[in-house]
Peer 1: 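Below is the structure I would like to discuss, written out as structure tokens.
Values in this document were obtained by computation on a predicted structure and should not be read as measured data. Below, chain A is the first sequence line, B the second, and so on; all start at residue 1.
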Amino acid sequence: MTTPKPASSPRQVLLEVRHLKKYFPIYKGLMRKVVNQVRAVDDVSFFVRQGETLGLVGESGCGKTTASRCILRALTPTSGEILFREADGTVTDLAKLDRRGLARFRPQMQMIFQDPFASLNPRMTIFDIVSEPLYVHGMRSRAERTEKVAELLRLVGLRPEYMQRYPHAFSGGQRQRIGIARALALRPRLVVADEPVSALDVSVQAQVLNLMLELQEALSLTYLFVAHDLSVVKHISDRVCVMYVGKIVETAPTLELFAAPRHPYTAALLAAVPVPDPQRRTAIQELPGEVASPANPPSGCYFHPRCQFAVERCRQESPQLEEIAPDHFVSCHRAAELSLPGAVSHV
Amino acid sequence: MNTGNPTPATPSTPLSEPAALDDALLITSQEEERVSVASNWTLVWWRFRKNKLAVFSAVLLIFLFTIVLAPDFFSTMDPETTDAKLAFIPIQRIHWFDEGKLRPWVPAVIGKRDPVTLRMVWTTDDTQKVYLRFFSAGYTYQLFGRFEANLHLVTALNPEDANRIHLLGTDRLGRDQWSRLAYATRISMTIGMISVILSVVLGLLLGGVSGYLGGLTDMFIQRLIELLQSLPTIPIWLALTAALPRTWSPERVFFAISIILALRGWTTLGREVRGRFLSLREEDFVLAAELAGASRWRIILHHMIPTFTSHIIATSTLAIPVMIVTETSLSFLGLGLRPPAISWGVMLQEAQNIQTLALAPWLMIPGLAVIIAVLAFNLVGDGLRDAADPYSH
């Protein structure tokens with residue numbers, strides 16, 4: 001299988017993931033015999049260019065969070081490569097590094113969490129939370145850290161006077177800003193945002209998304225944006241990766257993907273987005289069947305049991321990710337012949 | 001319960017965001033700011049103090065601990081002084097007023113030998129008054145085993161009456177029960193505390209290792225806990241304490257019994273700590289610290305342990321009464337501490353037969369002390385457990 005190669009582009013590739021796999025063993029019995037494996041991430045390849053936002057979308061349980069945690073090396077991948085380009089141009093495979101080797105890369109990649117309540121230690125003040133990365137990386141002077149934390153809080157739109165408060169004094173949106181401040185403390189080059197707005201009120205979502213866009217501009221950040229909400233992804237991403245049962249089914253520039261999806265699953269996802277138009281009363285085309293189990297995936301293309309375009313070949317042969325247009329990769333045997341509807345412009 | 005406490009449930013800030021809200025925030029009252037900067041322990045305290053019964057019990061425990069620290073101050077005479085002639089003196093009730101004036105006294109006791117049974121029969125005589133003084137000099141003793149002191153809570157106004165005050169009566173050997181109770185409180189409370197401290201150390205260590213390392217180590221420790229918990233406790237304790245050499249000094253027996261009690265006591269706590277470690281490992285804020293590059297020790301010491309300290313304290317407080325009751329039962333059966341050590345259980349040994357119960361019911365008073373201490377620990381423990389996690393609503 002070929003990995004998607006970035007087409008000639010002015011921007012350098014910051015992160016390239018090749019054949020990433022993460023299997024979780026299922027144990028049984030007293031002797032903990034491995035009886036099966038959950039293929040949470042099953043041969044995933046993609047790349048993120050410097051300064052862009054790559055949206056990673058899919059239904060719950062499709063492996064997008066697992067993939068993002070493997071990239072941050074919160075989890076150790078079963079196999080595959082995670083190539084990260086440092087500022088001086090050297091490329092390192094993060095998948096092979098141990099705890100000690102990773103220490104150098106920690107400041108360069110940070111994470112924004114989904115749950116603004118669980119991600120802040122309730123027993124620490126905002127100052128302690130935001131300054132911990134600074135302290136761990138050697139900034140021991142309290143005065144220096146106070147100044148830096150004040151700067152970070154201002155950057156995310158909070159008052160520096162808040163820093164002696166505890167997280168319980170803040171609302172969800174404010175907590176998420178604190179989480180962003182912590183993630184930015186070490187000036188990372190890559191920020192992995194794991195559904196950063198899905199736990200927030202809709203009115204607050206837009207504010208946090210816009211803050212993220214402003215910060216990207218100001219600090220030339222690169223985002224890997226994991227989400228299940230397509231409208232959010234469309235708003236923030238330059239390119240989008242669609243995952244289904246641990247595999248990538250389609251990767252394309254955002255507008256192209258929304259206008260002309262080439263994979264039946266992408267088309268189904270787009271069709272499922274509710275349209276805020278009372279005049280449209282067309283019934284939503286629901287996908288038949290259930291999401292395949294990553295512990296027991298179907299043969300051939302994982303999507304074939306639910307695909308209305310499936311042919312005999314789909315049942316037997318697993319499709320490969322292929323570039324059908326510049327920067328547009330699809331994993332479908334019939335990608336070339338199908339003509340699929342895109343999203344309604346409201347999305 | 002309305003105590004005027006600000007509850008952390010109300011966020012001090014509205015839900016709208018930056019610019020407009022920032023100005024609104026400037027006007028937040030000081031009261032709200034107090035909640036915003038309240039640490040975890042402050043929140044725990046705010047919650048705990050709402051539970052009046054627990055606060056009352058805590059005050060009671062503080063009182064018991066002052067007795068533990070300085071039992072001599074509370075006693076009226078040396079608890080070891082025996083005088084067979086003064087056996088089975090009943091309780092002398094304190095009278096606070098004498099002829100309309102505040103002048104506390106106890107009635108003197110007069111002994112008469114029963115001509116039939118030849119037993120001494122004591123009666124209190126309200127006409128003979130032994131006057132009392134509070135916070136004054138009595139017999140000298142070593143405070144904390146170091147300083148010489150002679151201050152006592154109660155002494156006789158007239159030094160000649162020093163041996164005529166038995167506030168809780170005397171036992172079979174004529175020992176003053178009030179003074180003995182003070183000493184017993186020290187031993188019984190400390191044995192409970194020490195065994196619980198040992199349990200906490202063992203539980204934190206083994207539970208922590210079990211939860212943090214997981215895998216085979218975890219399995220081994222968990223099976224060990226199951227094994228220990230499945231053993232019938234009373235026979236095991238009986239066997240172990242019976243195995244203690246008779247020749248050991250009371251101090252050695254004391255520590256040996258603490259260890260025996262702790263050997264099983266740690267299992268519950270070990271389970272709890274393991275569970276906390278397992279769930280905390282999955283917490284986002286622990287992952288955030290990990291991604292920030294924090295070392296394992298930093299994560300354990302700064303993020304994991306502070307998160308469950310309050311739970312550990314609550315659980316240990318609830319474990320102390322169990323230890324106290326166990327020690328009392330063992331000593332009562334003659335298998336725990338033995339005289340000359342004085343504990344509640346040892347004192348209750350005096351109240352083992354029906355004859356004593358009928359003739360000298362005051363010898364059961366140590367049982368009351370056990371009940372009070374156990375209830376107080378349980379109520380405080382319950383209050384702490386409810387207050388331990390101020391973020392759950």
Peer 1: So, taking the atom named CD in A:E132 and the one named NE2 in B:H302, what distance separates them when rounded to the nearest 0.5 Å?
Peer 2: 7.5 Å
Peer 1: Please report the shortest heavy-atom distance between B:L291 and A:R106, naming the atom on each side.
Peer 2: O-CD, 3.3 Å
Peer 1: Side chain from CB out, backbone as N, CA, C, O: work out which of these in B:R298 comes under 4.5 Å of a heavy atom of chain A, or both, or neither.
Peer 2: side chain
Peer 1: Main chain of B:P306, side chain of A:R123: is a donor-acceptor contact present, judged purely on distance under 3.5 Å?
Peer 2: yes
Peer 1: List the atom of B:A292, the atom of A:H137, and the distance in Å for their closest heavy-atom pair.
Peer 2: O-NE2, 2.9 Å
Peer 1: Do A:F113 and B:L287 come within less than 4.5 Å of each other through their side chains, counting heavy atoms only?
Peer 2: yes
Peer 1: Go through the atoms of A:A118 and report whether side chain, backbone, both or neither lie under 4.5 Å from a heavy atom of chain B.
Peer 2: both
Peer 1: With only heavy atoms counted, which part of A:S119 is less than 4.5 Å from chain B, the side chain, the backbone, both or neither?
Peer 2: both
Peer 1: Does any heavy atom of chain B fall under 4.5 Å from the side chain of A:Y135, the backbone, both, or neither of them?
Peer 2: side chain
Peer 1: Name, in order of residue number, those residues of residues 271-286 of chain B that have a heavy atom at a distance of less than 4.5 Å from a heavy atom in chain A; otherwise write 'none'.
Peer 2: B:E283, B:D284, B:F285
Peer 1: Is it the backbone or the side chain of A:L186 that comes under 4.5 Å from a heavy atom of chain B, or both, or neither?
Peer 2: side chain
Peer 1: Could you name each residue pair satisfying side chain to side chain donor-acceptor pair (under 3.5 Å) that touches residues 139-152 of chain A, not counting sequence neighbours?
Peer 2: none
Peer 1: Step through the shown structure and confirm whether more than 12 heavy atoms of other residues, nucleotides or ligands are within 6.0 Å of CZ on B:F56.
Peer 2: no
Peer 1: Salt bridge between B:E290 and A:R73, side-chain N to carboxylate O under 4.0 Å?
Peer 2: no
Peer 1: Within a radius of less than 6.0 Å around CG of B:L216, do more than 12 heavy atoms belonging to other residues, nucleotides or ligands occur?
Peer 2: no
